[in-house]
Amino acid sequence: MEKKNIDWSNLGFSYIPTEQRFVSNYKDGAWDEGGLTADANITMSECAGVLQYAQTCFEGLKAYTTEDGRIVTFRPDLNAQRMVDSCKRLEMPVYPVEKFLAAIDAVVGANAAYVPPYGSGATLYIRPYMFGISPVIGVKPAQDYQFRTFVTPVGPYFKGGAKPITIRVSDFDRAAPNGTGHIKAGLNYAMSLHAIVNAHAEGYDENLYLDPATHTKVEETGGANFIFVTKDGKVVTPKSDSILPSITRRSLMVVAKEYLGLEVEHREVYLSELKDFAECGLCGTAAVISPVGKIVDHGEEICFSSGMEKMGPVIQKLYDTLTGIQMGRLEDKFGWLHEIK
Ligand code: PLP
Ligand code: COI
């Protein structure tokens with residue numbers, strides 16, 4: 001199969017339509033078979049549940065070309081399960097795990113020419129999503145739904161790739177206690193748009209959100225979880241019921257312990273202790289691990305000793321190991337890779 005003529009190494013994180021996407025409809029209480037289509041557009045009622053009350057959730061994962069030329073996804077079963085959790089919380093019908101996995105294989109397989117080559121620095125981002133498509137005017141769940149998955153080749157999420165970023169402590173909250181922060185609901189992202197536009201306008205790359213109840217504990221950013229490294233090399237990651245359970249973060253905790261022999265702590269992290277950490281990074285499918293050089297808390301600068309030029313040594317090791325597994329350079333000890341044949 002011949003790859004598309006794309007300048008892979010200079011891709012940013014933006015949408016490039018590809019040839020095929022997967023669509024399945026839920027009507028009269030059941031999902032249809034679903035299938036691939038070349039049509040990238042959706043026609044729906046002006047009163048669709050997604051348009052009126054934002055009844056939508058999504059997932060994000062990637063396909064990689066390994067060193068030996070296979071096309072693989074990384075732990076897609078965890079994305080399937082997280083979408084089940086999102087659907088339940090949003091009163092949407094669950095899209096069955098097996099169907100989700102088959103849909104991803106079908107879309108990636110049909111767009112194999114868009115999976116960036118090994119070593120190009122790019123990957124194929126996969127975006128499964130679901131939304132209420134039938135009319136809703138009283139506040140209640142829609143009757144009918146659509147599940148779709150498209151793919152798009154992407155480069156680094158943050159411009160500059162592996163260069164450390166600067167983030168600020170946000171005065172806006174992302175998720176309420178007992179709210180929807182732990183699921184991948186579109187509404188969590190809609191409410192973060194004002195905060196991110198404002199952060200960019202003030203020269204910051206991202207927002208660090210605090211727990212909304214006390215504003216003393218670190219939660220996450222708009223699109224990634226945090227990992228910190230202590231001065232004695234321990235990996236620390238925030239625990240909270242209102243942050244998204246990142247698959248990258250959960251994998252990194254295993255990588256740190258089982259591949260690198262590091263101590264790992266998953267616990268509440270206070271804003272007041274950030275100054276004591278040596279390294280900081282953002283982790284997620286899109287972010288991979290993006291190093292953070294500086295956090296600004298209302299004018300007070302917290303500078304990590306790893307600096308603004310390159311990743312700190314522990315974050316670098318985590319990055320190399322995780323991407324080494326994903327690209328097939330290192331042993332996949334836990335069977336995380338799923339090959340698309
Ligand atoms: N946190 C938020 C708010 C996100 O949007 C994402 C991206 O999916 C993550 C964390 C990272 O999750 P994952 O590693 O599963 O991509
Ligand atoms: C992902 O990493 O898949 C996300 O959904 C994050 C988003 C900000 C692109």
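Just the heavy atoms: all of them, side chains too, but no hydrogens, waters or symmetry mates, feed the values below. In each ligand, atom 1 is the first atom listed, and ligand 1 is the first ligand listed.
- Numbered from 1 in the order shown, with element, the atoms of ligand 2 that lie under 4.0 Å from a heavy atom of R127 read 5 (O).
- Backbone and side-chain nitrogen or oxygen atoms of Y189 are examined, and none is located within less than 3.5 angstrom of a nitrogen or oxygen of ligand 2.
- Proximity to A286 (heavy-atom distance under 4.0 Å) selects the following atoms of ligand 2: 1 (C), 2 (O), 9 (C).
- Aromatic ring orientation, Y64 versus F74: perpendicular (interplanar angle above 60°, classes split at 30° and 60°).
- Note: Y145 and F147 fail the aromatic proximity criterion, with ring centroids not under 6.0 Å apart.
- Checked against the 6.0 Å centroid criterion, the rings of F150 and Y129 qualify as a close aromatic pair.
- Close approach of ligand 1 to G284 (heavy-atom distance below 4.0 Å) involves ligand atoms 11 (C), 14 (O), 16 (O).
- Near G223, meaning under 4.0 Å from one of its heavy atoms, ligand 2 places the atoms 6 (C), 8 (C).
- In this structure, the protein non-hydrogen atom closest to atom 16 (O) of ligand 1 is T285 OG1, 2.6 Å.
- Using a 30° and 60° split on the angle between ring planes, F13 and Y157 fall in the perpendicular class, above 60°.
- Between E59 and ligand 2 there is no heavy-atom distance shorter than 4.0 Å.
- Residue N225 has at least one heavy-atom neighbour below 4.0 Å for each of these atoms of ligand 1: 1 (N), 10 (C).
- Counting the atoms of ligand 1 from 1 in the order shown, those under 4.0 Å from a heavy atom of S246 are 11 (C), 12 (O), 13 (P), 14 (O), 15 (O).
- In this structure, R82 counts as a contact residue of ligand 1, since one of its heavy atoms falls inside 4.0 Å of the ligand.
- For ligand 2, the atoms lying closer than 4.0 Å to a non-hydrogen atom of Y157 are 8 (C), 9 (C).
- Every atom of ligand 2 is numbered from 1 in the order shown, and the set under 4.0 Å from a heavy atom of Y125 is 1 (C), 3 (O), 4 (C), 5 (O).
- The shell of residues lying under 4.0 angstrom from ligand 1, judged by heavy atoms, excludes A287.
- Those atoms of ligand 2 that come under 4.0 Å of a heavy atom in K184, given as number and element, are 4 (C), 5 (O).
- Taking every non-hydrogen atom of K184 and a distance limit under 4.0 Å, the qualifying atoms of ligand 1 come out as 4 (C), 5 (O), 6 (C), 7 (C), 8 (O).
- Checking N198, D297, D205 one by one against R168, the side chain to side chain donor-acceptor pair (under 3.5 Å) holds for a single residue, N198.
- Contact analysis leaves R250 out of contact with ligand 1, as no non-hydrogen atom separation drops below 4.0 angstrom.
- Considering backbone and side-chain N/O of P245, none are found under 3.5 Å from N/O of ligand 1.
- Between K4 and E19, some side-chain heavy-atom pair lies under the 4.5 Å cut-off.
- In R75, neither the side chain nor the backbone holds a heavy atom less than 4.0 Å from any atom of ligand 1.
- Residue T221 places no N or O, backbone or side chain, under 3.5 Å from any N or O of ligand 1.
- Between atom 14 (O) of ligand 1 and the options L282, T248, L252, N79, the minimum heavy-atom separation is to T248.
- Listed by number with element, the atoms of ligand 1 under 4.0 Å from a non-hydrogen atom of E220 are 1 (N), 2 (C), 3 (C), 10 (C).
- For ligand 1, the atoms closer than 4.0 angstrom to any heavy atom of Y189 are 2 (C), 3 (C), 4 (C), 5 (O).
- Against a heavy-atom cut-off of under 4.0 Å, F58 is close to the following atoms of ligand 2: 5 (O).
- Atom 9 (C) of ligand 1 has as its closest protein heavy atom G223 O, 3.6 Å.
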